[in-house]
Amino acid sequence: MEIVVCIKRVAATDSVIKVGGDGKSIDTGGVEFDINPYDEFAVEEAIKTKETVGAGSVTVVTLGSEDSQKELRTCLAMGADKAVLIKPGDLELDAANTAKIVAEYVKSIPHDLVFCGKQAVDSDDSQFPARLSQLLGMACVTEVQTLEFADGAFTAARDIEGAREVVHCPTPAVISTNKGLNTPRRPNLKGIMAAKKKPLEMIDAAAIEPATRVAELTLPPARPEGKILDNVDDLVAALKNDAKVL
Amino acid sequence: MSTIAVIAEARAGQLKKVSLEAVGAAKELAETAGGGTVVALVAGNGLDSAKQGLAASGADKVIAIESGDLENYSGSAYCEAIATELAKLAPAAVLAPASAMGRDLAPRIAAKLDTGLVSDVTALHFEDGKFGATKPVFAGKAYKKSMFDASPFMATLRPNNWEPTSGDGAEVSDAPASISADTLRAIVKEIVAGASDRIPLQEAKVVVSGGRGLKGPENFHLVEDLAAAFGPGVAAVGASRAVVDAGWREHREQVGQTGKVVAPTLYIAVGISGAIQHLAGMSTSRFIVAINKDENAPIFKVADYGIVADAFEVVPALTEAIKAAVAH
């Protein structure tokens, strides 16, 4: 079983976001970057699946700047076998050309299963897995919270509004992972040492233009100063008379 | 006159409210863009009630795609059936709800139509002949406005951002479901309903969330009791990432950047310090109440009303006071 995992380097969730000088992107000064949290579940599930099946390899792919080597090395230290960094150069990226560029590359390597996080916590698009499956002509189940493989197929559960769907799907497939699916392993020293010797290939992205362009990035208005109240009666009175929510 | 298509959502034949909001958004966008026909498409099985609902939604036309293969949602089958109709309509814009279904379906359709998509938008634009949309990014820490180079324009709409509209009976027609056997790979085998008294976090008018200040999962009943005090179907229970990661509560209750983004009328944070990733998930709530022992907790910076006290003392008293206020 040949497994591909797609990851993204994103601003850590504890980052304070400021708008950069171009008015269209974030000011990266002082911002820590990390692997997208939902992608960690994808990497863990890919390695776990390979261990269960006992054959094949896990290839981690990302589209991003050379800084993303750090996140790729972390995935290799967790247990992935090889990593590929696709460099976009000066291309502006949106969900449409990101999926096309990655699909172009994934087509060139064996791919029985593709794991992705359900969404990147920077753009919050949640488009990549479904787009990729369409471009690769693969089945796709998104936002899975449980996953079990048997006889060339899998059963997955995913939350919808007020209910949970249980889906059955044959492989090959694209699967996007939600929190709750597993607990990602932390790389140990042996893994970190081994990762240094594993292959990390860098290639240039195909020149595919985006379908949308960012016009403006803005911050939400600050909330007005609040009031500290002494007791429950004052609070209930405020909710009733000022806020009028009771 | 250009066409604006709406992908309406029906579950078990019942039209979802988000579909009517999408028709409302489409009518507004048509007006901004100098006129247009709003066509609502709906896929499923046994759609009589959904068709009636859409006929009175203010849309100009309704197209229903009915098939036993569409009984339950299937991303690939719905994509093929709806994209086939969209290709015939050649709309200038396509709008869908940013629901669980829309999040899965819209990007498939966008890829199939080879166009862009802006997800989970809170505003639509038409400027200098181009469509665009604004959406929260970084879970609401910032807003991004994007303009379209491709056609059709596509966006999924954040629930509760547009008013549902109504109108006179629209012309309703049926379209055949063109689904190749090869498309039906991922199949829904079962839908397990959640507890019926539990309203989804993102649809609740009031959200009461608990954090580490509750000291242990056994004390979460304080938060549950407070939520219940608002009466049936009003308040949902949320949780901070810390208590979800500690295994006290399920992930579906997590509010914040790796959980759900909520914007209820009233958000009550109990024993939550207010980490940046949590604030991102709730700071657009209309009113925020914070109860925390630590007067320097960051949650007080976004709260409209705060009480600096031990949750174990304040919350039971607040629960009784809310019960009394609701009863009157």
Side-chain angles (χ1 to χ4, degrees), chain A residues 11 13-17 19 26 37-38 94-96 99 121-127 130-131 134-135 139-142 159-170 173 179-180 210-220 223 226-229 232-233 235-236 238-240 243 245-246, chain B residues 75-76 99-100 103-104 107-108 110-112 115-120 132 136-150 185-194 200 251-252 257-258 265-266 275-277 283 287 289 300 302-308 314 317-318 321-322 325:
Chain A
T13 54
D14 58 2
S15 307
V16 174
I17 297 299
V19 178
I26 64 164
Y38 293 112
D94 73 347
V121 298
D122 52 2
S123 56
D124 285 337
D125 274 328
S126 200
Q127 292 188 31
R131 277 186 180 269
Q134 198 69 38
L135 295 168
C140 177
V141 182
T142 56
D159 279 346
I160 60 171
E161 290 84 4
R164 180 167 272 211
E165 269 180 2
V166 181
V167 184
H168 185 264
C169 182
K179 189 170 175 174
T212 63
R213 289 183 192 277
V214 178
E216 195 183 19
L217 188 74
T218 51
L219 297 182
R223 291 188 71 93
K227 282 183 209 157
I228 296 291
L229 305 170
V232 164
D233 293 342
L235 174 59
V236 172
L239 291 178
K240 221 189 247 175
V245 292
L246 284 179
Chain B
S76 46
S99 54
R103 276 201 307 278
D104 187 88
R108 295 175 192 256
K112 194 157 172 115
T115 190
L117 168 67
V118 192
S119 310
D120 201 23
V137 289
F138 301 95
K141 290 178 193 170
Y143 283 78
K144 183 170 82 180
K145 178 181 177 183
S146 302
M147 299 304 290
F148 256 63
D149 282 347
R185 281 177 279 180
I187 305 284
V188 173
K189 288 287 172 200
E190 194 186 354
I191 296 176
V192 186
H251 174 243
R252 78 173 114 209
Q257 204 167 358
T258 48
T265 309
L266 177 62
I276 290 171
Q277 56 80 21
S283 54
F287 291 99
V289 171
F300 288 119
V302 300
D304 298 280
Y305 306 109
I307 296 187
V308 182
V314 174
L318 182 58
I322 298 279

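Proteins get letters first, then strands, A, B, ... in listed order; numbering begins at 1 in each. Heavy atoms only: backbone and side chains are in, while hydrogens, waters and symmetry mates are out.
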Applying a strict 4.5 Å limit to non-hydrogen atoms, the region of A:Q134 in contact with chain B is side chain
For each of A:L219, A:L235, A:D122, tally heavy-atom pairs with chain B at distances under 4.5 Å, and name the one with the top tally.
-> A:D122
Non-hydrogen atoms of A:I228 and B:V308 that approach each other most closely | CG2-CG2, 4.1 Å
Counting only N and O atoms by type, is there a donor-acceptor contact under 3.5 Å from the side chain of B:R185 to the main-chain atoms of B:S76?
-> no
Toward chain B, the part of A:V121 with a non-hydrogen atom under 4.5 Å = both
Which atoms of A:L246 approach chain B - backbone, side chain, both or neither, heavy atom under 4.5 Å = side chain
Checked A:P220, A:P170, A:A95, A:A96 vs chain B; the most non-hydrogen pairs under 4.5 Å come from A:P220
Relative to chain B, which of A:G180, A:C140, A:A11 shows the most heavy atom pairs under 4.5 Å?
-> A:C140
Residue from A:A243, A:A238, A:P210, A:G226 scoring the most non-hydrogen pairs under 4.5 Å with chain B is A:A243
Residue pair B:S146 / B:V118: nearest heavy atoms and the distance that separates them | CB-CG2, 4.4 Å
Structural part of B:A317 lying under 4.5 Å from a heavy atom of chain A = both
Looking at B:D120, B:V302, B:I322, which makes the most heavy-atom pairs under 4.5 Å with chain A?
-> B:V302
Can we say B:D304 and A:R223 salt-bridge, meaning some charged N sits less than 4.0 Å from an Asp/Glu carboxylate O?
-> yes
Under a 4.5 Å heavy-atom cut-off, does chain B meet the side chain of A:V236, its backbone, both or neither?
-> side chain
By a 4.5 Å heavy-atom criterion (distance strictly below it), what part of B:I187 contacts chain A: side chain, backbone, both, or neither?
-> both
Residue selection (most heavy-atom pairs with chain B, distance under 4.5 Å) from A:E165, A:R131, A:K227 = A:R131
Taking every heavy atom of B:G116 against every heavy atom of B:F148, the minimum-distance pair comes out as C-CZ, 3.3 Å
Interchain contact, B:T115 with chain A, by part (heavy-atom threshold 4.5 Å) = backbone
CG/A:D124 to CD/B:Q257 distance, rounded to the nearest 0.5 angstrom?
-> 7.0 Å
Which residue out of B:G132, B:P200, B:A150 racks up the most heavy-atom pairs below 4.5 Å with chain A?
-> B:A150
Angle class for the B:H251/A:Y38 ring planes (parallel below 30°, perpendicular above 60°, tilted otherwise)?
-> perpendicular
Who wins among A:S15, A:A173, A:P37, A:A99 for the most heavy-atom pairs under 4.5 Å with chain B?
-> A:S15
May I ask you to decide if B:D149's main-chain N or O and A:R213's side chain share a donor-acceptor pair within less than 3.5 Å?
-> no
Might you point out which heavy atoms bring B:V137 and B:K144 nearest each other, and give the distance in Å?
-> CG1-CB, 3.9 Å
What are the two closest non-hydrogen atoms of B:R252 and A:D159, and how far apart are they?
-> CB-OD2, 3.9 Å
The interface call for A:K179 against chain B, heavy-atom contacts under 4.5 Å, is both
